[in-house]
Amino acid sequence: MAALIRCGIQINRNIGHILKNNVKQMQCLKTKEQLCRNFQRFAASLAESRKEKMMIQVHKKIDYNLGVSSDLFKSVYSSLENMDSVTEHDVGLLLFICNIGPFDAPTEKRLALVDEIWSKLDELGIKPTAKLYNGKLRTYISNKKLFDPLQELMNMKALGINPDKITYGLLVEGFCQKGDIAGAHTVLQAMQAAELPLSVHNFNSFITGHLIAGSYEEATKVLDILRNQGLLPNSDTFLRFAQYYAEKGDFDSVMKYINEAYNLGVPLDQNMLLDLYRLMVISGHSSSAEQMLKFISERGLFNSLSIQKSCQLMAEGFIDAAFQIFMTTPNVEEGKLMSNTGNFLLKAMIINGQSAQEIMNIADRIVEIAPKALSHRNTLLYAYRDGRTDLAMDFLDIMRSKNYQIKPAYPLPAICGFKKQNNKEGVLKAVQMLLDIEINEDKMENLVSCAYPALIEIGMTNDEILSTYKNHEKLLKSTFISYNIVHKGFKAASQNAQNYMLDENVTEYLLNNTNLLKHYFEKEWEDVVSFLEKVQQSKVSQLKKCLVTGEIVRQYLSLHNEELTDKFLSSLIEKKIKLHSRFHNLIIVKNASSNIKKKLFKIIPPEDYGAFIPPVPRLSISFMDQLNELKTTMSQNDVEAMKLKLRELQVVGFKFDKVHLVNIVRKLLQHGDVETALKYFEEIKTKVGNKYSANLPVMFAAEYVKMNNLQAALDMINLAAEAEKETDSFLINSSIRNVLAAAPTAQDASDLHSAILKAKIVPEKELQKVHHAYVKRLSSLDDDNELINRLMKLHESFRVFPALEYVLIRFIEKKDVDRLNRIMDLGISVYGSNYFHHQLAMSFLQCGLANKAAYILQTPGLRLSQKILVDNCQYFIKSKKIDCVSALVEITKNMPVSRSAMLELLIDGYIAVGDLKKAIDSLQLFTEDIIEPPKPLLKRLIAEHKKLNVNLPEVLQAYDTKIKKTTTPKTTPKLKSPLLAQKLEAQDDPHSPETPK
């Protein structure tokens with residue numbers, strides 16, 4: 001097990017831990033019937049908990065646009081099949097997943113899953129609804145499955161289900177995908193008769209219908225009709241045209257509509273662009289697909305989207321096209337993540353039945369690109385997880401033929417798998433591969449714990465094993481001894497040791513597994529001593545002999561059985577068996593009794609006895625009492641009373657110490673009495689020299705700048721350079737901000753800034769705040785050239801760029817491309833490409849250029865930071881810039897950013913500006929994306945409606961009812977403790993005895 005975990009073939013899980021803890025809570029139950037009833041309750045709650053965890057995981061994948069894999073979908077689907085309580089939402093979620101995935105499944109499998117789910121509605125106890133029908137039809141449309149819209153409509157009405165607005169829209173799309181414009185118009189007339197409003201999606205469907213029918217002119221006329229209806233085309237509008245030409249391989253026409261969408265401010269997102277690439281690939285237009293992928297790579301790719309699309313292509317058999325996406329994706333993994341590079345491709349190939357040679361070829365190509373990737377190991381991992389033992393053995397054969405490294409743990413799951421299948425030939429082949437591995441790490445453990453038991457189980461004797469693997473006789477004999485020690489005890493092992501030589505393999509195994517032998521120590525302590533004596537007589541190195549003995553002695557000490565340990569140590573002394581010289585350093589030895597220590601020291605070499613150095617006592621620090629009366633006047637900010645008190649103290653000859661004088665000077669400067677403060681400052685210098693805080697001269701400098709005495713301020717800053725550094729960074733930064741903010745001119749600010757930096761009175765990590773205060777003063781400049789020059793000079797000297805957002809917005813609004821490019825170079829060099837591009841996008845958003853912001857957020861290699869986006873949204877909300885939040889939510893719709901978090905911020909923004917109608921409209925987006933709105937958000941919305949005395953809309957009333965139900969305390973207590981369990985049973989069974997207190 002440990003070897004498998006170390007090699008990455010198995011994940012460590014503490015199986016049964018929850019069951020163990022909960023069973024303990026039920027041990028007090030008195031009758032068998034009580035135990036059965038409560039165990040059933042516990043099993044049901046455990047199943048519900050497991051379902052809830054999986055649902056959270058699925059929602060998170062959907063929320064962040066990460067896609068749902070086949071494994072996760074299979075787990076959720078199988079769990080729902082075994083559940084008693086399946087809701088309409090659960091089935092709707094499965095249909096929604098089939099609409100967008102599983103991302104590593106081909107189109108045919110997705111459609112098959114939809115039909116399978118639909119056929120099991122009765123079995124699951126779910127009645128078809130309009131919502132579920134819409135989910136099924138949407139999946140058909142997204143996977144390009146042609147269906148009969150009229151037949152589906154008749155099926156709905158036969159079940160007593162009335163179509164809604166979404167259903168009509170999907171039926172229109174169904175007719176249009178077949179090029180049946182007349183049928184689509186029939187549905188459109190039904191919508192108008194039902195007084196359902198038309199949306200841009202309905203017109204987009206007609207564009208597809210006309211294009212499929214071969215009427216390009218009619219498709220272009222739809223754009224004019226759309227605008228006449230007061231609607232604006234969206235990105236999907238232009239995608240319809242691009243898809244039409246992508247199927248024909250006309251790259252130039254595809255780019256025409258991509259650019260047109262961008263110029264109108266509705267750019268096609270990465271998901272749409274990758275769909276166009278896939279469409280070109282499956283249509284056989286490889287050259288156009290290459291051009292498309294080159295264009296996409298120049299704009300940039302998100303890892304999540306590229307993973308999903310490449311897996312889909314891999315599942316559909318387009319291996320080279322899938323790998324090209326992987327090649328184009330920026331490699332941003334670091335450290336341990338590098339070992340998993342390209343795993344998604346390998347997993348998609350395995351679960352979709354690709355051959356072992358094709359999979360290993362892709363693994364080789366991944367390693368060529370990312371040398372740190374463990375692709376060959378990961379192919380084995382996924383094959384074992386998928387139950388493909390034969391495939392894993394094929395992988396191992398290919399790896400061996402190419403002289404790749406094979407670790408001892410790699411064949412272990414194959415041995416176990418073949419053993420379960422009762423495949424003797426497979427077990428023998430896998431064991432042979434294990435024995436042939438040259439790496440010795442963990443090999444002995446794997447032989448003892450896995451290979452040898454498997455050989456015994458298929459009916460082989462030791463002699464047959466030795467004859468089968470003649471070249472490994474010595475290692476196998478060591479395996480026999482080690483196995484006997486663990487499973488038969490030291491006595492049997494000592495007898496077998498006469499036939500089989502003890503060697504380094506046995507001692508190494510014992511060192512790593514003494515915890516498995518504890519149950520032999522009490523009953524067979526004499527045999528343990530005999531076995532250690534044989535170890536001492538063997539040819540094992542002296543170090544290994546001492547280490548093995550020491551580990552067993554440590555186990556005896558941990559038993560806390562002094563009588564047994566005493567007998568054991570006495571036998572070791574008698575047999576002259578020694579321990580390692582550093583054994584005495586163990587804490588368990590230091591805590592042993594004096595009798596045990598004496599015996600231990602007889603078998604520990606004396607040359608390394610340690611000596612303990614007593615700890616050095618800490619010195620206590622004393623503090624001086626302060627003068628209460630002076631402190632009172634200072635706390636009351638009564639300057640005149642404070643001066644009077646100071647004179648009284650001077651008259652009586654009282655001498656202030658440094659702490660008193662510093663507090664006096666600070667208080668006087670806060671009230672602008674520079675002359676009096678300077679007198680006490682001179683007294684400080686007389687008393688302690690330059691051992692005062694640098695913050696004091698800086699405070700004087702701030703006051704002198706306000707008095708337009710720049711030279712005196714510079715002198716004070718120079719004086720601060722000779723003083724002790726201020727430990728409180730807040731104080732010194734506050735004083736420096738006051739100095740720079742009071743500078744009369746920009747040149748004065750520059751001189752003061754240079755003097756502060758030259759004095760080195762601010763820690764290096766705090767210098768950015770000094771630069772920010774300086775640039776904040778410079779921001780009053782109206783001359784752009786002057787601002788650029790000073791920023792460039794600041795960057796050349798200190799590699800900083802404060803007030804980034806202000807400067808970016810300034811030049812974006814002026815459309816000053818030349819200066820903006822210079823600023824961009826500075827920003828990237830200071831903040832790095834990732835952070836700077838986020839801030840540049842936010843600046844474009846604030847200037848009303850959402851399409852530019854979307855383009856920037858798709859920069860090649862950019863790693864989207866949700867924290868930066870959320871922080872900017874919160875800033876926009878505080879600034880009442882809700883349009884920026886709305887634009888950012890739309891831009892990140894298909895990006896690896898939490899959709900739930902972004903929608904919540906948008907609704908909070910509308911609440912902040914009092915636009916509750918738009919807040920409710922935005923709430924509907926949660927439902928469309930199969931995302932559960934956060935309860936705190938719903939509570940805020942409900943509270944805001946009640947605060948303004950506005951009636952709750954229908955959608956909010958449903959959520960309000962749901963929240964009240966979940967917050968109502970349950971009448972039946974949960975099974976949390978044994979006492980609660982007894983009380984619960986007493987309520988269920990009126991004949992049960994009274995519950996003891």
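Within the 3.5 Å criterion, the main-chain N or O of D104 finds a donor-acceptor partner in the side chain of N352. In this structure, R110 contributes its side chain and A105 its backbone to a donor-acceptor pair below 3.5 Å. Panel note: side chain S142, backbone N99; a donor-acceptor pair is recorded below 3.5 Å. Although no hydrogens or angles enter the test, the distance criterion places a donor-acceptor pair under 3.5 Å between the side chain of Y384 and the main chain of Y410. The main-chain N or O of L111 is never found under 3.5 Å from a side-chain atom of K145 such that the two would form a donor-acceptor pair. Between the side chain of T139 and the backbone N or O of L95 there is at least one donor-acceptor pair closer than 3.5 Å. At least one donor-acceptor pair under 3.5 Å links the side chain of S467 to the backbone N or O of E464.
Taken to the nearest 0.5 Å, the CE atom of M314 stands 12.5 Å off from the CD1 atom of I307. Here the CG-CZ distance, from D394 to R388, works out to 9.5 Å after rounding to the nearest 0.5 Å. Between the CE atom in M393 and the CZ atom in R400 there is a gap of 7.0 Å [rounded to 0.5 Å]. Atom CG of L293 is separated from atom OG of S286 by 12.5 Å, given to the nearest 0.5 angstrom. Atom CD1 in I437 sits 11.0 Å away from atom CD in Q432 (nearest 0.5 Å). Between L434 atom CG and K429 atom NZ the span is 14.5 Å, to the nearest 0.5 Å.
Relative ring orientation between Y483 and Y452 is described as perpendicular, the plane-to-plane angle rising above 60° on a 0-90° scale split at 30° and 60°.
Nearest heavy-atom pair, F480 versus I465, reported as atom, atom and distance to 0.1 Å: CZ-CG2, 4.2 Å. Between A392 and L380, the closest heavy-atom pair is O-CD2, 3.4 Å. Across Q354 and G317, no two heavy atoms sit closer than the pair NE2-CA, 4.2 Å. The nearest pair of heavy atoms linking L274 to L305 is CD1-O, 3.8 Å.
Within a 6.0 Å sphere centred on NZ of K470, heavy atoms belonging to other residues, nucleotides or ligands number 12 at most. In the displayed structure, K61 atom NZ is contacted under 6.0 Å by at most 12 heavy atoms of other residues, nucleotides or ligands.
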Problem set entry | Criterion side chain to side chain contact (heavy atoms under 4.5 Å, CB included) on I296 and Q270, from CA distance to verdict | CA-CA 8 Å; I296 295 173; Q270 286 188 356; 5.6 Å; no
Problem set entry | Worked check of side chain to side chain contact (heavy atoms under 4.5 Å, CB included) between R365 and I369 | CA-CA 7 Å; R365 294 171 69 178; I369 300 171; 5.6 Å; no
Exercise. D320 and Q324: side-chain hydrogen bond (donor to acceptor under 3.5 Å, both in side chains), yes or no, with the steps?
Worked result: CA-CA 6 Å; D320 289 334; Q324 287 302 317; over 6 Å; no
Problem set entry | Derivation and outcome, side chain to side chain contact (heavy atoms under 4.5 Å, CB included), residues L346 and I366 | CA-CA 10 Å; L346 303 172; I366 292 173; 4.2 Å; yes
Problem set entry | Test log, rule side chain to side chain contact (heavy atoms under 4.5 Å, CB included), inputs N378 and K347 | CA-CA 9 Å; N378 294 335; K347 189 174 182 180; over 6 Å; no
Problem set entry | R278/D275 under salt bridge (charged side-chain N to carboxylate O under 4.0 Å, His left out): CA gap, chis, key distance, verdict | CA-CA 5 Å; R278 174 182 169 272; D275 277 333; 5.3 Å; no
For this session: List the steps and the verdict of salt bridge (charged side-chain N to carboxylate O under 4.0 Å, His left out) for K477 and E473.
Result: CA-CA 6 Å; K477 288 182 177 181; E473 183 177 347; 3.0 Å; yes
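Taking the ring centroids of F326 and F323, they lie under the 6.0 Å cut-off.
Judged purely by distance below 3.5 Å, without hydrogens or angles, the side chains of D71 and Y382 never pair a donor atom with an acceptor atom.
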